[in-house]
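Just so we're clear, the structure is a prediction, and the values are computed from it rather than from any experiment.
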Amino acid sequence: QVQLVESGGGLVQAGGSLTLSCAASGRTLRGYAMAWFRQAPGKEREFVAGIKWSGGNTLYADSVKGRFTISRDNAKNTVYLQMNSLKPEDTAVYYCARSRGVVVSIAPTEYSYWGQGTQVTVSS
């Protein structure tokens, strides 16, 4: 089993920044891709950013490209999401997830472990 715990969410004004963290315990994340998803009220869960085990390959949703940065510290079993230039439409519950394998996928079904989520609210 893998336990994922997100932190770092909160209330921020538009244009501000937040950094989310996802700490893993239990089985290692070694070799697995990781990703961040988000879900706004009344909407489906959507892919935000993903990163392979090596950290050298990342993928971003078009809506966050250039504003968000995903990274990981494998020694600490932790994944981060640096969010800059936040917009009200970024408001959502943000989840980290561990992939079933090495590839970053935008499909939630390709992820086998999920955190409980952390709320991000961006005021205009």
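No donor-acceptor pair closer than 3.5 Å links the side chain of R45 to the backbone N or O of A40. Put simply, the side chain of Y80 never gets that close to the backbone of D73: no donor and acceptor are under 3.5 Å apart. The main-chain N or O of M34 is never found under 3.5 Å from a side-chain atom of R98 such that the two would form a donor-acceptor pair. A donor-acceptor pair is defined here as one N or O able to donate and one able to accept, closer than 3.5 Å; no such pair exists between the side chain of S54 and the backbone of K52. Remark: the backbone N or O of V122 is paired with a side-chain donor or acceptor of T91 at under 3.5 angstrom.
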- Task: Go through the steps to decide whether Y60 and T69 satisfy the test side chain to side chain contact (heavy atoms under 4.5 Å, CB included), and finish with yes or no.
- Result: CA-CA 8 Å; Y60 295 93; T69 302; 3.8 Å; yes

- Task: Quick one: do N74 and R30 satisfy side chain to side chain contact (heavy atoms under 4.5 Å, CB included)? Show the steps, please.
- Result: CA-CA 7 Å; N74 292 330; R30 183 177 183 83; over 6 Å; no

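Among all heavy-atom pairs drawn from W36 and I70, the shortest one is CD1-CD1, 3.6 Å. When every heavy atom of A97 is checked against every heavy atom of L4, the shortest pair comes out as CA-CD1, 3.9 Å. The minimum heavy-atom distance linking G16 with V12 is given by the pair CA-CG2, 3.8 Å. Residues I51 and S71 share a closest heavy-atom pair of CD1-CA, 3.8 Å. Minimum heavy-atom separation, S85 to S17: N-OG, 4.3 Å. Closest non-hydrogen pair, A92 versus R38, comes out as CB-CB, 3.8 Å.
One hydrophobic cluster, built from ILVMFWY side chains closer than 4.5 Å, holds both L18 and V64. Hydrophobic clustering keeps V93 apart from L81 (ILVMFWY residues linked when any side-chain heavy atoms are closer than 4.5 Å, directly or through intermediates). Residues L20 and L86 are members of one and the same hydrophobic cluster, defined by side-chain heavy-atom contacts under 4.5 angstrom among Ile, Leu, Val, Met, Phe, Trp and Tyr. Both V120 and V48 belong to a single network of hydrophobic side chains, linked directly or stepwise wherever heavy atoms of I, L, V, M, F, W or Y lie under 4.5 Å apart. There is no path of hydrophobic side-chain contacts, each under 4.5 Å, that joins V102 to V104.
W53 CH2 to S99 OG: the interatomic distance, rounded to the nearest 0.5 Å, is 13.5 Å. Going from atom OG of S112 over to atom CZ of R100 covers 5.0 Å, rounded to the nearest 0.5 Å. Rounding to the nearest 0.5 Å gives a distance of 7.0 Å between CD of E6 and OG1 of T118.
Taking 4.0 Å as the cut-off between side-chain N and carboxylate O, D90 and K87 do not count as a salt-bridged pair.
With a 6.0 Å radius and a threshold of 12 heavy atoms from other residues, nucleotides or ligands, L11 has its CG atom above the threshold.
Counting only residues at least two apart or on different chains, the ring pair (Phe, Tyr, Trp, His ring centres under 6.0 Å) pairs with a member in residues 85-123 are F37-Y111, F37-W114. For residues 6-116, every residue pair satisfying the disulfide (SG to SG under 2.5 Å) rule, not counting sequence neighbours, is listed here: C22-C96.
A 4.5 Å side-chain heavy-atom check between V2 and Y32 finds every atom pair outside the cut-off.
For Q82, the side-chain hydrogen bond (donor to acceptor under 3.5 Å, both in side chains) partners at least two apart in sequence or on another chain are T19, N84.
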